[in-house]
Structure formats: structure tokens, C-alpha cells
There are 2 protein chains.
Amino acid sequence: MNTTKKQSRMTRQKRVIMAEMEKACDHPDADTVYLRVKSKLPKVSLATIYRNLEDMAGKGKLLKLTGTTQKTRFDGRTDTHYHFHCVQCGRVEDTSVPPLKELSEYVAREVDREIWWHRLDFFGFCSSCRKTKQSVQGEV
Amino acid sequence: MNTTKKQSRMTRQKRVIMAEMEKACDHPDADTVYLRVKSKLPKVSLATIYRNLEDMAGKGKLLKLTGTTQKTRFDGRTDTHYHFHCVQCGRVEDTSVPPLKELSEYVAREVDREIWWHRLDFFGFCSSCRKTKQSVQGEV
DNA sequence: TTATTTGCAAACAGTTTGCAAATCA
DNA sequence: TGATTTGCAAACTGTTTGCAAATAA
């Protein structure tokens with residue numbers, strides 16, 4: 001639970017990071033952002049990049065394309081199916097959503113790609129956790 | 001490029017790991033599998049679990065629910081949209097697939113969940129890499 | 001017999017954190 | 001001035017790897 005009201009102060013680093021993210025169209029990772037910011041502020045540190053990106057994501061200013069799970073999980077079922085992840089208890093459940101074959105074909109045709117596989121993951125509260133909700137940090 | 005023809009040898013460890021994965025319905029992570037196998041073979045090591053799960057995934061005997069990207073990436077665009085990941089060059093592109101709102105509602109109703117967000121990722125060769133394909137390891 | 005697989009520990013990669021110095025308001 | 005933010009280095013977590021000993025075929 002985070003009830004601390006922390007106010008934000010504008011810094012040179014923050015300004016450059018925000019500017020870089022606004023013009024970036026390539027979904028850069030933290031290290032790439034670091035390199036770009038470093039070219040303008042040579043003394044910036046990677047930790048500052050991480051701290052600021054995390055912060056911006058928390059404020060909804062950008063999306064964090066994290067792995068869907070912290071740790072890799074393994075699934076004995078190998079046919080195409082999709083998962084639901086409970087953000088509170090961490091449970092992963094199979095859904096009954098049917099394979100989105102046409103969608104895959106559409107994305108393939110879009111700009112002449114070749115799609116090998118796709119994945120669809122839902123996040124939220126499982127039916128048992130709905131009753132006992134706690135805090136959640138906004139993340140995608 | 002992996003042209004080595006490595007043959008597989010059945011071991012006690014492998015047998016137990018396979019059995020555990022067959023009966024598991026909870027998408028366990030490597031550490032969880034380790035604990036389960038360890039209860040039958042106390043001397044087993046985590047590295048063996050990783051090696052075998054990796055191997056099984058490579059043979060299509062199970063699905064690896066990896067994060068969608070190795071590193072976290074950040075996206076300045078915050079409206080609901082989906083991504084395509086090129087397995088060769090690593091590029092991440094936005095797709096024009098419209099938001100799957102109804103699908104999310106369907107999954108919510110399925111067993112009375114509360115869906116907060118979802119993500120859909122496509123993997124394959126981008127249009128420029130189609131022409132210069134190299135090897136890819138099977139992974140999901 | 002001998003190539004494969006294991007257990008162990010050390011290496012790795014990405015990310016986070018503690019802390020004193022710098023800096024924004 | 002005084003709280004926030006930084007840079008640095010060290011810590012952490014999940015995963016991989018090198019190597020000698022164990023083992024399946």
C-alpha cells in the first residue's frame with residue numbers, strides 16, 4: 001500500500017528522457033533510452049533511466065511492454081489457447097477464447113509479414129480475489 | 001545455426017520432470033517444478049530442471065510462457081493497441097488490429113473475473129526479414 | 001565403453017536499491 | 001533551506017554455462 005504523496009520535481013534528466021520517449025517510435029528498451037539520453041547528458045546513469053521510465057509508466061505517460069509474467073512459466077497443454085493472469089494471487093488460468101486464426105492472418109497481410117505464432121493474455125482479478133482486493137500497481 | 005544431431009537419453013530426472021509436467025495444471029515456473037521434482041529426487045539441481053524444460057519446449061512437448069520480450073520495452077503510445085515482434089531482427093511494430101473489447105468482456109464473464117487489461121502479441125518475420133531468413137528456435 | 005547428462009558453483013543479464021552528493025523549488 | 005533526485009556501485013533475481021563426476025545405452 002503506497003499512501004505517500006510524493007511530489008515530482010522537474011530535472012534536466014527527466015526532461016530529456018520525456019522528450020526522447022515522445023519522439024521514439026521503436027519501443028526502445030531501457031538501455032537504448034539510456035544511450036540516447038547519454039548522448040545529450042553524458043553523465044546520466046542507467047538507474048535514473050529506469051527510475052524515470054518506471055515513474056512515467058506509473059503515471060500512464062507510457063506503456064511498459066513487460067514480459068507477461070515475471071518468471072517464465074511452463075504449460076503442458078500445447079494447443080493454441082490463451083491465459084488469464086491474476087494480478088493479486090499470481091495464478092494463471094486457461095481461458096476458453098477460441099484461436100484467433102483470422103486475426104493472425106490479418107496481421108500477416110497488413111504489411112506482408114509472416115506470422116509464426118501469437119499470444120493473448122488477460123490480466124485482472126480472478127473470481128476468488130475479487131472479494132479480497134488489495135492494492136495493484138498500474139502496469140501493462 | 002544448429003545442425004548437430006544430439007540424441008536424447010532417458011534419465012531418472014527427465015522421467016520425473018515429464019511426469020510432473022503432464023499432471024500439472026497450474027502453469028508452474030521452473031522453481032516450482034524444481035520443488036516438486038526435488039520431493040521425489042532430493043539431489044536434483046535447478047539447472048537440470050531448466051535444461052529439461054527448455055529441451056521439452058524445443059521439442060514441442062510443452063509451451064514456454066515467456067515474457068513477450070527479453071527486455072522490457074517502453075511505448076510512448078498509451079491507447080490500446082497490439083504489437084508484432086520480429087523473431088529475427090527484434091524489431092517491435094504496432095499493428096492496426098482494433099481493440100478487442102468484447103473479448104475482454106467475454107473472459108471476464110467466463111468465471112466472474114474482473115479484467116483490467118489485456119495484451120496481444122504477434123511473432124514472426126517482419127516484411128524485410130522474410131527475404132533473409134535465418135534459423136529460429138521454437139518458442140512461445 | 002563412451003557420449004550424454006547431471007550437480008555444483010560461478011557467471012550472466014536485466015533491474016533495483018542504499019547512500020552521500022547534487023540540485024530543484 | 002530542505003526535500004527530491006541523481007550517480008555510483010553493490011545487491012538481487014531469474015536463468016545459463018563450464019566442468020568434472022555419474023550414468024544410460
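Protein chains get the first letters and strands the later ones, always in sequence-line order, with residue 1 at the start of each.
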Problem - Nucleotide D:dT13, atom C1' - distance to NZ of A:K71 in whole Å - result: 9 Å
Problem - B:R77 side chain reached by A:H27 side chain, heavy atoms, under 4.5 Å - result: no
Problem - Partner residues of A:D29 under the side-chain hydrogen bond (donor to acceptor under 3.5 Å, both in side chains) criterion, sequence neighbours left out - result: A:T32
Problem - Residues from residues 14-35 of chain A lying under 4.0 Å of DNA chain C - heavy atoms - result: none
Exercise for the section: Scan residues 7-17 of chain A for pairs that pass salt bridge (charged side-chain N to carboxylate O under 4.0 Å, His left out), counting only residues two or more places apart or in two chains. Expected result: none
Fill in the blank from the handout: Between CG of B:D55 and P of D:dT16 the distance, given in whole Å, is 12 Å
Completion exercise
Residues at least two apart in sequence or cross-chain that pass side-chain contact (heavy atoms from CB on, under 4.5 Å) with B:C89, listed by chain then number, are B:C86, B:R91, B:C126, B:C129
Exercise for the section: Please state whether the rings of B:F123 and B:H85 are parallel, tilted or perpendicular, taking 30° and 60° as the class boundaries. Expected result: parallel
Exercise for the section: Could you tell me which residues satisfy side-chain hydrogen bond (donor to acceptor under 3.5 Å, both in side chains) with A:Y34, sequence neighbours excluded, listed by chain and number? Expected result: A:K38
Exercise for the section: Identify, residue by residue, the members of residues 39-52 of chain A with a heavy atom below 4.0 Å from DNA chain D, and return them in order of residue number, or none. Expected result: A:K43, A:V44, A:S45, A:A47, A:T48, A:R51, A:N52
Problem - B:T78: partners by side-chain contact (heavy atoms from CB on, under 4.5 Å), with sequence neighbours left out - result: A:L63
Exercise for the section: Considering just the side-chain nitrogens and oxygens of A:T72, establish if one lies under 4.0 Å of OP1 or OP2 belonging to D:dT15. Expected result: yes
Fill in the blank from the handout: Contacts of B:R36 meeting salt bridge (Lys or Arg N to Asp or Glu O under 4.0 Å) (sequence neighbours excluded), chain-then-number -> B:D26
Filtered N/O pairs between nucleotides 22-25 of chain C and protein, under 3.5 Å:
residue, atom, partner, partner atom, Å
C:dC24, O3', A:M10, O, 3.1
C:dC24, O2, A:R9, NH1, 2.7
C:dA25, OP1, A:M10, N, 3.2

Problem - salt bridge (Lys or Arg N to Asp or Glu O under 4.0 Å) involving B:K23 - partner list, sequence neighbours excluded - result: B:E20
Completion exercise
For B:D31, the salt bridge (Lys or Arg N to Asp or Glu O under 4.0 Å) test, sequence neighbours excluded, returns none
Exercise for the section: Could you tell me whether the side chains of A:H118 and B:D121 share a donor-acceptor contact shorter than 3.5 Å? Expected result: no
Practice task
Establish, from distance only, whether the side-chain atoms of A:E110 and B:T95 form a donor-acceptor pair under 3.5 Å.
Solution key: no
Handout entry: Euclidean distance, atom CG of residue B:L65 to atom C1' of D:dG14 [Å, nearest integer]
Key = 16 Å
Handout entry: Atom pair distance, as rounded to whole Å: CD in A:E54 and C1' in C:dT17
Key = 13 Å
Exercise for the section: With the side chain counted from C-beta on, respond yes when B:Y82 and A:V107 share a heavy-atom pair under 4.5 Å apart, and no when they do not. Expected result: no
Exercise for the section: To the nearest 10°, let me know how far the axis at one end of the helix from C:dT1-D:dA25 to C:dA25-D:dT1 is tilted from the axis at the other, five pairs an end. Expected result: 30°
